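Scroll down for the structure; my scribbles are underneath it.
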Amino acid sequence: MSTLLDILLRLTLWILLAPLLPGIINQVKAWVAGRRGPPVLQLYYDLSRLWRKSVVMSTLASPGFVAGPAVAWVALVGAAILLPIGPFGGGLSFKGDVILLVYLLAVARFCTTWAAMETGSAFEGMGAAREVSYAVLTEAALITAILALSVESGSVALDRMLALSAGTGAVLLAAGLFAVLLAENCRVPFDDPNTHLELTMIHEVMVLDHSGPPLAVILHGAALKLLLFAVLLSEAVLPMGRMSPLAATAALVGAVGAVTIGVGLVESLLARFAFRRVPLLLTIAFLLCLFALLLAWKGGPA
Amino acid sequence: MNSTLNLLIGLAMGLNLLALGSSRLPSVIRAMAVQGVVLGMLPVVITREFHWPVALVALVTMGVKGFGIPALLRRAMRAANIEREIEPFIGFVPSLLLGAIGTIAAVAVAQRLPLLPEHAGTLLVPGALATIFTGFVLLVGRVKAISQVCGYLIMENGIYLFGMLLLHSTPLLVESGILLDLTVGVFVIGIIVDRIQRAFDSLDTRKLTVLRE
Amino acid sequence: MLLVALVACVAAIVPGPRWPRIWLACMVVGTGSILAAAVAVFAGAPDWEWWSAVRVGGERLHLRLDGLSAWFMALLGLVGGLGAIYARGYWPDDAHADSAARGRLWWGVMILSMGFVLLSSNGLHFLIAWELFALSGFFLITLDRQRREIRAAGWLYLAASHAGTLCLFAFFAALAGRTGSWELGPMRAHPELGPLFWLAFAGFAVKAGLFPLHIWLPSAHANAPSHVSALMSGVAIKMGVYGLIRFSGWLPTPAAVGWTITGIGAATALLGIALALAQNDLKRLLAYCSVENVGIIAVGLGGGLLGAADGDAGWGRLLLAGALLHVWNHGLFKALLFFAAGSVLHATGTREMSRLGGLWRSMPWTAVLFTIGAMAVSGLPPLNGFVSEWMIYLGLFDVVAGRSPAAWAAMPAVLMLALAGALALAAFVKAGAVVFLGAPRTRVAAEAHECGGSMRGAMVVLAAGCLAIGLAPAVFWPAAGRAVAAWNPPWAAGAPPAPLPTLGLANAVLVTLALAAGAGLWASARARGLRRSLTWDCGYASPAARMQYTGGAMAAIAVGWFGWIFGAERRQRRPRGPFPAGAHRIERMPEAVLERLIGPVAGAVMQVAGAARQLQHGRLQYYLVYLAGGLTALGTLVLVGEMK
């Protein structure tokens, strides 16, 4: 019973907090540009507005067009439940949960790209093609980072893997995972979440034809994924296990905030890269994680 | 001391990869310059106490590698009106991966080499091997003569790193030899670049195949 | 039980060609009893051994059903039976008047010979059954003899298959020569037999389709009738895997074998799926994906061998069990996918994905079932593909976390598996979306029809199997444990070294929530009003079916990364000028190994042979001269020999 309650509590926390991050990012961007910017809670307003709207669907689309985003959202929520929150551990912690987490992200990707292809639009097909292709490289970087954490901690369960810092390679790992975060969440310099036209290349292209509640679910899922990666990055780098619970929680919140602000700053200061340079950037992220792995290996038993 | 040394050499190895991955000439030159400064610091770090000659050598190395040569190259770039985008012969991602493999292999090979105990714990030898390899990849994999110059210079940085191994025995000799060699090399290349530019209206080394007859 | 199976299968073969109903009934009984025999072993029945009284070829028949054989027998029974049911709707007599009967005959022979391969414990009979199995495969592939590419695929299959059989002949003969008998069984105590394993490895790797010996596989699987493709891909290539697992368990293996199999497996997985992504032919894509999955299985097996050499039971056991489970899983979902591809082919007459599209409307069952198969093959939870890949990942991660020396094989393997997984997802989003979603690209796609009941039923059973292994993996552990114990007896007892029940629970929760969320969102969208309108596409006024993203375009980015390995060929004419004339772009991924390596070598051999044929022209006078020349040469040789 208490496990169930615990999971429900986590669920609420994740779902409620997720839309905050894009708001903070937009605030940072507005601040750098010297504008006032939308309120921090803008996404909450958007979501509630969208939820009340009716749906327009392409004549070509099957019910999968609506079910896809829902399943993707469930997969992301599941991944979030698996991820430990600082000192409180994971909602369902078991050996090998980290692989489940990675593959739940893949489920979400499968469903969003599948739903995008429903419309038969070349534009959305382009987005889907890019999403699945670049995911190959981010997955390589992510799995290498996980290998590094696993070598460091001698374990394959998330709560132990994330309890330690990644040792000497922490800086490399942080940089690599940050690039993965940017790429997986389609932020600048990989993609531009602001525009709705040709400039936006991956995520926003895929959701062009969605509207109403399905779009709300997609937007919320995207926010959830951002929060997920921010938490993962923070916990991978900070030695959570060696702090007192209170300090760990504070550190986690601070680190997630820092990552969010970092995303905002990157977005303000960098332009989106030319598309053919994306693989290069992701290769660099992969190499950073690879060197973190080798350093962890050389670092001796944890 | 060893950790500072390893940090510096690790930085230089990272700069190698940066040079391989960057698609613009100025950033390659910048990576090379920063690498020069980083390597220039090494003699001071390696000799534990402060010697005037060593410090002087370090200063001169930093000056030449970090500022002199890059300034020369930049001037050549402006003078010859070279486009800043690099044309790769081996693409950026493959050369980056090659560089990474080379770096890992260098570390692995260096562990097998019979080194002096004082060098066994440091990254000196792997760093040197990796840097030479990077320079080699740049030399082979780039089309423009001026980016090949950068490759040559990075290779030279690697040789310089090897020179650090001998620092205890013949510090000044090694240093001055390297520096002399380097300066001459850069001048020669500078002249050649200028000549190629005048003769072919381009620095594309592929056009040099015309000369084979 | 096996006797029933034998009788039923023979009964199916004899009158089968004439009476399809009796054949089907006999096949179902036969394969059902094969399955039942396997299940009986897993339920705790002791291993079964039997020697015949009569001698066949100078040897007594020796059959043995242990955990490992039973594991593969179960798959054979299931897919063999379902394929027979499927064939009734897919390859009926009225559409294929002469070949349907032949198909039934060889289907029975193939099932029977595969069963004998699995049971046979005597080298001689193993080889006979193996040869029969290869031959029946050839006849099944070339059922539809009219088309040239099908015959070519059949010959390629036969040639490759016999190259493999040649290695096996050498292997069994050498084995019999060293041990003094054709009898097979555990012989780990004779380390001098170790090097022989390499021969077996080469022979079985051809059948399993490990890179670069996979050359026969894509064309054979793509050109065979779909129920045959399912059997070939789901079960027949597993015979190669069975051989590898069986003889790596019985023979003492050299230390390098584990490393080699892991490495080749990882490379096979990555390159296989990259090639799959590049295909435009739906069944060819599936065939290349089989290459990938065999690679994954090989990674598990190689890891198991490393574990056995290391003596550590934990991760080795997990890896081998994962490999075995993947054998089942791949059999299930690949048969499902080939059946679904067969329904598409049946309904539209084409395998070209760029001619299909929008099939979900006319073939909802096939679309949903293909989606399930696609998710399973991409290794996505909550389906079965994820469970076995998870076990293999977990084993490899254990190696890495434990910092054992085998980690230098495990780390690259994990990386390659992750890359292969992401590419598999790309390949199957491409395949499913281009075939089933969007608008029909051609008239045939628009006029497609749903497949019949028998085809649908077979697919539903397979999909249910995929879901069952995904939701309750722990149920299948004892069976896998038995098979693992048959491979390496010291690893016999014990609970699974992985939290399988928890994973099953997580998967079950995921399914429930996903169904609930999907239905809920659909309901809420309907409640708020659901309008249909043209695809918006950023305000494009009149989208046409041909404007849709094609499969080739979808794969182009990722395939481009592998272009340098396979030497992609590209012909294009870019649009030029203000009023461009026709432009096109054609990309083709050549069969690199076949066309670049084996083709030229075979060509050279043929040239030499052709030159030698000049000597053969039918004139008696010349033959006399040859004779005289030969005699003189011999005489000289003798003289020279004596002079020394």
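Because the structure is a prediction, the values reported are computed rather than measured. Reminder, nothing fancy here: chain letters follow the sequence lines and each chain counts from 1.
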### Task
Carefully, step by step, assess C:L437 and A:F65 under the rule side-chain contact (heavy atoms from CB on, under 4.5 Å).
CA-CA 10 Å; C:L437 304 182; A:F65 184 68; over 6 Å; no

### Task
Check step by step if side-chain contact (heavy atoms from CB on, under 4.5 Å) holds for C:L530 and A:M57.
CA-CA 7 Å; C:L530 194 147; A:M57 230 170 108; 3.9 Å; yes

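Taking A:R277 as the reference, A:F273, A:A274, A:L280, B:S23 meet the side-chain contact (heavy atoms from CB on, under 4.5 Å) condition, with sequence neighbours excluded.
Atom CZ of A:F123 sits about 10.5 Å away from atom OH of C:Y549, to the nearest 0.5 Å. Atom CD1 of residue A:I81 and atom CG of residue C:L510 lie 12.0 Å apart, to the nearest 0.5 angstrom. The CZ atom of C:F397 sits 4.5 Å away from the CG atom of A:L147 when rounded to the nearest 0.5 Å. Annotation: the span from A:S121 atom OG to C:Q548 atom CD amounts to 9.0 Å, rounded to 0.5 Å. Atom CZ of C:R403 sits about 6.0 Å away from atom CH2 of A:W297, to the nearest 0.5 Å. Atom CG of A:L137 and atom CG of C:L419 lie 7.5 Å apart (nearest 0.5 Å).
The greatest number of non-hydrogen atom pairs below 4.5 Å with chain C, out of A:Y103, A:Y134, A:F286, is found for A:Y103. Chain A forms more heavy-atom pairs under 4.5 Å with one residue of C:A514, C:A516, C:G518, C:G529 than with any other, namely C:G529. Counting heavy-atom pairs under 4.5 Å between each of C:P499, C:G520, C:A556, C:A558 and chain A puts C:P499 at the top. Your options are A:R52, A:E139, A:E131, A:M126, and the one with the most heavy-atom pairs under 4.5 Å with chain C is A:M126. Note on A:L82, A:V66, A:D97, A:V98: by heavy-atom pairs under 4.5 Å with chain C, the leading option is A:V66. The residue among A:V74, A:I99, A:L290, A:T113 with the most heavy atom pairs within less than 4.5 Å of chain C is A:I99. Ranked by heavy-atom pairs shorter than 4.5 Å toward chain C, the options A:S211, A:A75, A:P63 are led by A:P63. Comparing C:L415, C:V559, C:V400 by how many heavy-atom pairs each has under 4.5 Å with chain A, the most go to C:L415. The most heavy-atom pairs under 4.5 Å with chain C, out of A:L100, A:V77, A:L142, A:L92, come from A:L100. Counting heavy-atom pairs closer than 4.5 Å to chain A, the top residue among C:M547, C:E389, C:M411 is C:M411.
With hydrogens and angles left out, the side-chain atoms of C:T535 and A:S58 include a donor and acceptor closer than 3.5 Å.
With a threshold of 4.5 angstrom between heavy atoms, A:S155 approaches chain C through N, CA, C or O but not through any side-chain atom. Residue contact with chain A, scored on non-hydrogen atoms closer than 4.5 Å, involves the side chain of C:W360 exclusively. Looking at A:V217, only its side chain comes within 4.5 Å of chain C, counting heavy atoms on both sides. With a threshold of 4.5 angstrom between heavy atoms, C:R361 approaches chain A through side-chain atoms but not through N, CA, C or O. Heavy atoms of A:W51 lying under 4.5 Å from chain C belong to its backbone as well as its side chain. Interface residue A:A128: backbone and side-chain heavy atoms are both found under 4.5 Å from chain C. For chain C, the nearby parts of A:A61 are the backbone and the side chain; heavy atoms of each come within less than 4.5 Å.
Here the side chain of C:W522 pairs no donor or acceptor atom with the backbone of A:A67 at under 3.5 angstrom.
With a 6.0 Å radius and a threshold of 12 heavy atoms from other residues, nucleotides or ligands, C:W365 has its CH2 atom at or below the threshold.
The two atoms that bring C:A553 and A:A129 nearest to each other are O-CB, 4.4 Å, heavy atoms only. The shortest heavy-atom contact between C:R528 and A:K53 is CD-O, 3.3 Å. Annotation for A:W114 and C:G432: closest pair CH2-CA, 3.6 Å, computed over non-hydrogen atoms. The minimum heavy-atom distance linking C:L425 with A:A106 is given by the pair CD1-O, 3.4 Å. Nearest approach of A:S150 to C:A401, heavy atoms of both residues: OG-CB, 3.6 Å. A:I143 approaches C:A418 most closely through the heavy-atom pair CG2-CB, 3.7 Å.
Counting heavy atoms from C-beta on, the side chains of C:R532 and A:V56 never come closer than 4.5 Å. Side-chain contact between C:K430 and A:M117: absent, with no pair of heavy atoms (C-beta onward) separated by less than 4.5 Å. Looking at heavy atoms from C-beta onward, C:Y393 lies out of side-chain contact with A:V156 at the 4.5 angstrom threshold. Side-chain contact check for A:R130 versus C:I557: some heavy-atom pair is nearer than 4.5 Å.
The contact list for residues 369-382 of chain C toward chain A, using heavy atoms and a distance under 4.5 Å, reads C:T371, C:A374, C:M375, C:S378, C:G379, C:L380, C:P381 by residue number.
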